[in-house]
4 protein chains.
Amino acid sequence: MNINPTSGKPLYEQLMFGIKQDILLGILQPGDKLPSVREMAQRQLVNPNTVAKAYKVLESQEVIQTVMGRGTFVATHSETRQIDARQLKKFKTQFKELMTEGMYLGLTKNELINLINEWYGGDNSGVKD
Amino acid sequence: MNINPTSGKPLYEQLMFGIKQDILLGILQPGDKLPSVREMAQRQLVNPNTVAKAYKVLESQEVIQTVMGRGTFVATHSETRQIDARQLKKFKTQFKELMTEGMYLGLTKNELINLINEWYGGDNSGVKD
Amino acid sequence: MNINPTSGKPLYEQLMFGIKQDILLGILQPGDKLPSVREMAQRQLVNPNTVAKAYKVLESQEVIQTVMGRGTFVATHSETRQIDARQLKKFKTQFKELMTEGMYLGLTKNELINLINEWYGGDNSGVKD
Amino acid sequence: MNINPTSGKPLYEQLMFGIKQDILLGILQPGDKLPSVREMAQRQLVNPNTVAKAYKVLESQEVIQTVMGRGTFVATHSETRQIDARQLKKFKTQFKELMTEGMYLGLTKNELINLINEWYGGDNSGVKD
DNA sequence: GTGGTCTAGACCACC
DNA sequence: GTGGTCTAGACCACA
């Protein structure tokens, strides 16, 4: 996980993304303890307030859980996490815009679809890069 | 193209997206004249400066071209449509982040592909599932 | 001489530059007759007013001369054309700014000097490109 | 760095030039913090929006970098300082035009070279006359 | 008519 | 504190 303060993206969002990605990649497993706010802040060279905000939003998304006095832990994926309609709508909007950008960068629709196939793993046989 | 002042997204970015989409959908053809800054501002109920900013960024991306004193036109990106390496890198980063979000929202691969088809027609020839 | 309406530079300045360059290259000789305003406008696909403005400024710079009823002619260089102090100051300012830009583009001071040597012709032996 | 509101040149371009020059002259070093938008605006007696525009263009040219919430800094263009082909072409066009002007003003080659030396020190080793 | 620049002043997100 | 966005309204050069 790398934080780039000049990327224009909010630091707390970059932190959130890094943690989510670590979970998806298996680096962080459900139940694992996350570094404390202060420790994470030192590691990533950001303000503790920034880490606290990232943790707070992640908790509201039920990605992590805070246990008072014990720390912050990766949530167990099996819980009944219902899809937030607002989040879903926002995602779809962002997705469409990103696809539009991609086509402007010269990527064809099929290249975009193949990119998705790649990311979702599964059947990658014959997928063009 | 509709501008939503309450969406949280900058108005000028919404304008940019709308114009790019109109071009991709063929509503705007290369060489077509865009509404003048003032006219577009009236149509979309935004300040002319906001439109001017959108136009200027689009021009820097070579999506449109301005002819001083005459107006703004959809670019004819003729032959020299070279892919900007920096923009492509940025796109891939955004793509990765968005895919991570999508997985967390529980979206399947096919749902995403359907989203693309919904917007850009349904010819999937050459795409492997 | 090519006029590019999307370059951002005023069309009348582009015209002026083209004429000056033709003179320096010998394509236009002192005493030669320039195309009429209307003919030049047709050739370059610009408004006659634009050509008229270019001619007017060139005449104020004593580069060309208009003879009422006969047309416009390239001035004879030998006339006592005194250097306009204001023009000279403006030139120096532009020159310094351009050199600064050049250094930012990665050109070294020596490359800039060599570019000048090239343009002023004369002793080009051993000048790096 | 001085801003002259009556020079006819856009104020934001004057700001850009002043900052670039300060960097080339070593007054500003890579990593140095620039005055905040508001402070620079006060110093130069211009509107903060004007400063913001100058900073934004400079950032797009990778001359400076902004860290949201912290400020603006002189870029450390590390190793990947690749010459932008488009910018270089634009530079050469401007250079040609300026040289044409210079010849018309009767400036000699040495006068131009002296102008460069005046601004960027006098080490001419390796330059052929 | 067009876009380009500038000002004044507001509100916001981020750190 | 920082920069980012937006508005309102002005003036200018260019075609």
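From a predicted model like this one, the values you see are computed outputs, not experimental measurements. So you know, we letter chains A, B, ... as the sequences are listed, proteins then strands, and number each from 1. Hydrogens, waters and symmetry mates are skipped; everything else that's a heavy atom, side chains included, is used.
Taking a 4.0 Å limit (strictly below) on heavy-atom distances, residues 36-43 of chain D reaches DNA chain F at D:Ser36, D:Val37, D:Arg38.
For A:Lys53, the salt bridge (charged side-chain N to carboxylate O under 4.0 Å, His left out) test picks out no residue, with sequence neighbours left out. In terms of the side chain to side chain contact (heavy atoms under 4.5 Å, CB included) criterion, residue partners of C:Asn49 (sequence neighbours excluded) are, by chain and number, C:Asn47. Every residue two or more places apart in sequence or in another chain was checked for a side chain to side chain contact (heavy atoms under 4.5 Å, CB included) with A:Asn2, and none qualifies. By the salt bridge (charged side-chain N to carboxylate O under 4.0 Å, His left out) test, A:Lys9 is found to be paired with A:Glu13, B:Glu97, residues two or more places apart in sequence or in another chain being considered. Shown here are the side chain to side chain contact (heavy atoms under 4.5 Å, CB included) partners of B:Gln87, two or more places apart in sequence or in another chain: A:Leu105, B:Gln61, B:Asp84. Residues satisfying the salt bridge (charged side-chain N to carboxylate O under 4.0 Å, His left out) criterion with B:Lys20, sequence neighbours excluded, are A:Glu101. Looking at residues two or more places apart in sequence or on another chain, you find a side chain to side chain contact (heavy atoms under 4.5 Å, CB included) between B:Thr66 and B:Glu59, B:Thr72.
The stretch residues 24-41 of chain B participates, sequence neighbours left out, in these side-chain hydrogen bond (donor to acceptor under 3.5 Å, both in side chains) pairs: B:Glu39-B:Arg43. The salt bridge (charged side-chain N to carboxylate O under 4.0 Å, His left out) pairs that include a residue from residues 66-76 of chain D number zero, where partners must be two or more places apart or lie in different chains.
Evaluated for a side chain to side chain contact (heavy atoms under 4.5 Å, CB included) with B:Met40, the options B:Val51, B:Thr50, B:Val46 yield exactly one hit, B:Val51.
The footprint of chain B on DNA chain F, defined by a heavy-atom cutoff below 4.0 Å, extends from F:dT5 to F:dA15.
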Next item on the list: Report the secondary structure of DNA chain E in dot-bracket form, marking unpaired bases with a dot and bases paired to a different strand with |, and treating Watson-Crick or G-U pairs with both distances under 3.5 Å as paired.
Entry: ||||||||||||||.
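A donor-acceptor pair under 3.5 Å is formed between the side chain of D:Gln14 and the backbone N or O of D:Asn4.
Residues D:Val67 and B:Val46 each lie close to DNA chain F; by heavy-atom proximity, the contact nearer the 5' end of the strand is made by D:Val67. A residue-by-residue look at C:Tyr12 and B:Asn47 shows that B:Asn47 has its nearest nucleotide of DNA chain F further toward the 5' end. With the nearest nucleotide of DNA chain E identified for both D:Thr50 and A:Leu11, D:Thr50 has the one nearer the 5' end. In terms of position on DNA chain E, the residue among B:Lys56 and D:Gly69 whose nearest nucleotide sits closer to the 5' end is B:Lys56.
Among the protein residues, C:Asn49 comes within range of no part of the nucleic acid, since none of its heavy atoms lies under 4.0 Å from any strand.
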